Amino acid sequence: LAGSAGAATFAGGLSVLPSPIPLSLGVPLTLKTLSLVAPVALSISMISILETLLAGKVIEDFAHEVNESTPKSDNDRMLAGLSLGTAASALMGGFGGCGLIPQTLLNAQSG
């Protein structure tokens, strides 16, 4: 794999980060385009928000079982972090994510 991709691909550093998405994608920014994209974008964002809040609740319950003096999580702060992280990822050409429940619980149980 290194022979076909080149050694620089696996060297790490800023050179391997994706380039930012160009401002002009060749898609016209019209009301029709917005009406097609907006429902999908809102649906994906709602799923990400709900998944993150559920993951936070699962971890909060898990932490409370281990230590009853564990403070409650701050949902506003959690969603602000999700939003900032997704925006930063999009600016660098990546895709945002959310708090996945099984992976989050596995990480918490692993220490």
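Computed from a predicted structure; not experimentally measured.
Judged by distance alone, the side chain of Ser110 and the main-chain N or O of Asn107 form no donor-acceptor pair under 3.5 Å.
Follow the hydrophobic side-chain contacts under 4.5 Å out from Val66 and you reach Val58 in the same cluster.
Residue Glu68 places its CD atom among 12 or fewer non-hydrogen atoms of other residues, nucleotides or ligands, all under 6.0 Å distant.
Exactly one residue among Leu106, Ile59, Thr52, Leu54 makes a side chain to side chain contact (heavy atoms under 4.5 Å, CB included) with Ile101. That residue is Leu54.
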Derivation of the side chain to side chain donor-acceptor pair (under 3.5 Å) call for Thr33 and Thr30: CA-CA 5 Å; Thr33 306; Thr30 63; 3.1 Å; yes

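Expressed to the nearest 0.5 Å, how far CD of Glu51 lies from CG of Leu82 amounts to 11.0 Å. Annotation: the span from Lys57 atom NZ to Asp61 atom CG amounts to 4.0 Å, rounded to 0.5 Å. Note that CG of Leu100 and CG of Leu105 are 12.0 Å apart. Values are rounded to the nearest 0.5 Å.
The heavy-atom pair separating Gly56 from Ser73 by the smallest distance is O-OG, 4.5 Å.
A donor-acceptor pair shorter than 3.5 Å cannot be found between the side chains of Ser89 and Thr86.
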